[in-house]
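Structure, as structure tokens:
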Amino acid sequence: MSRPVIITGNWKMYKTVEEAALFVKNLAPLITKPTYIAVPFTAIKSAADNAKGTQVVIGAQNMHDASEGAFTGEIAAKMLLDAGARFVILGHSERRRLFNETNALVNKKIKRALSEKIQPLLCIGETLEQREAGKTEEIIRSQLLESLADVQLDQHPEILLAYEPVWAVGTDMAATPEMAQEAHHFCRQCISEKWGEETANKIVIQYGGSVHPDNAQDLLNEPDIDGLLVGGASLTVESFSQIANLGKSP
Ligand code: PGA
């Protein structure tokens with residue numbers, strides 16, 4: 001079964017309204033397939049306006065799990081959609097580590113995203129300590145199953161998954177293609193056990209963590225790596241367009 005290759009940029013807390021608009025304008029003519037970018041909340045509208053009629057798909061990096069309410073400083077799925085976002089990153093390791101997001105909270109957000117029809121991109125991955133303690137598979141399995149508890153994944157093949165080992169995020173120490181493949185294969189096996197092989201074969205699993213133009217192709221060539229989640233290297237049109245145009249080597 002062939003899955004589409006999906007490349008996503010994650011800008012984190014970088015870029016103003018104007019910078020985002022200019023980036024999208026410059027990137028759009030250079031890309032050859034749908035390419036996702038998760039931008040700061042304030043830049044969603046300008047980025048999405050400039051992405052209209054192009055292959056750039058704009059998304060957000062987080063949202064609240066309630067549909068609306070008295071939650072000062074938070075943002076709801078319908079607000080993201082209204083501003084032009086089409087997907088949302090949930091459970092990024094920086095949210096888990098710095099803002100105490102648990103699998104249970106991420107699960108509520110995933111369910112909200114599905115009910116409001118914004119495409120979720122779920123991030124999972126182990127810390128260095130967990131890997132060194134031989135707990136990588138245990139952590140992947142629990143993050144995956146708990147974040148997707150009560151989710152009928154077979155009914156939602158649009159859910160994107162990103163395996164991002166925490167030790168590789170922003171460190172310039174990417175996982176080797178072999179290590180990443182092993183983890184991706186394990187993710188697919190967990191999905192298969194819970195939701196069946198057909199669903200497991202449909203789910204796009206991106207790798208993230210220190211992806212750059214010089215290691216992206218080797219990662220993408222692994223059979224279970226269907227895309228990349230790119231942080232630092234998504235901040236310039238030059239490096240991101242190189243990665244965005246990659247597919248599997250024939
Ligand atoms: P990085 O970030 O590419 O800068 O390591 C990846 C991410 O946080 O999604």
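Atoms within each ligand, like the ligands themselves, are counted from 1 in listed order.
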Top protein contact for [atom], by heavy-atom distance:
{"atom": "atom 9 (O) of ligand 1", "value": "Glu164 OE2, 2.7 Å"}
{"atom": "atom 4 (O) of ligand 1", "value": "Gly232 N, 2.9 Å"}
{"atom": "atom 3 (O) of ligand 1", "value": "Gly231 N, 2.8 Å"}

For this session: Indicate, as side chain, backbone, both or neither, the part of Ser93 found under 4.0 angstrom from ligand 1 when only non-hydrogen atoms are considered.
Result: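 The answer is neither.
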Exercise. What do we get for Val169 next to ligand 1 when only non-hydrogen atoms under 4.0 Å count, side chain, backbone, both or neither?
Worked result: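 The part of Val169 near ligand 1 is both the backbone and the side chain.
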In ligand 1, which numbered atoms sit nearer than 4.0 Å to a non-hydrogen atom of [X]?
{"X": "Leu229", "answer": "9 (O)"}
{"X": "Lys12", "answer": "2 (O), 7 (C), 8 (O)"}
{"X": "Gly170", "answer": "1 (P), 4 (O), 5 (O)"}
{"X": "Ala168", "answer": "5 (O)"}

Given side chains that start at C-beta, do those of [X] and [Y] come closer than 4.5 Å, heavy atoms only?
{"X": "Val230", "Y": "Ile7", "value": "yes"}
{"X": "Leu153", "Y": "Ile159", "value": "yes"}
{"X": "Met13", "Y": "Pro40", "value": "no"}

Problem set entry | Pairs flagged by side-chain hydrogen bond (donor to acceptor under 3.5 Å, both in side chains) wherever residues 163-172 is involved - sequence neighbours left out |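 Pairs touching residues 163-172 that pass the test: His92-Glu164, Glu126-Tyr163, Glu126-Trp167, Arg131-Tyr163, Asp172-His212.
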Do [Y] and [X] meet the salt-bridge criterion of a basic N to acidic O distance under 4.0 Å?
{"X": "Glu193", "Y": "Arg141", "value": "yes"}
{"X": "Glu197", "Y": "Arg188", "value": "no"}
{"X": "Asp65", "Y": "Arg112", "value": "no"}

Measure the distances from the heavy atoms of [X] to every atom of ligand 1 and state whether one is below 4.0 angstrom.
{"X": "Ser210", "result": "yes"}
{"X": "Ser234", "result": "no"}
{"X": "Gly208", "result": "no"}
{"X": "His92", "result": "yes"}

Problem set entry | Hphob cluster co-occupancy, Trp11 + Leu229, side-chain heavy atoms under 4.5 angstrom |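 They do not share one cluster, since no chain of ILVMFWY contacts under 4.5 Å joins Trp11 to Leu229.
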For this session: Only pairs at least two apart or in different chains count here, so list each salt bridge (charged side-chain N to carboxylate O under 4.0 Å, His left out) that has a residue in residues 37-47.
Result: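 Those involving residues 37-47 are Lys45-Asp49.
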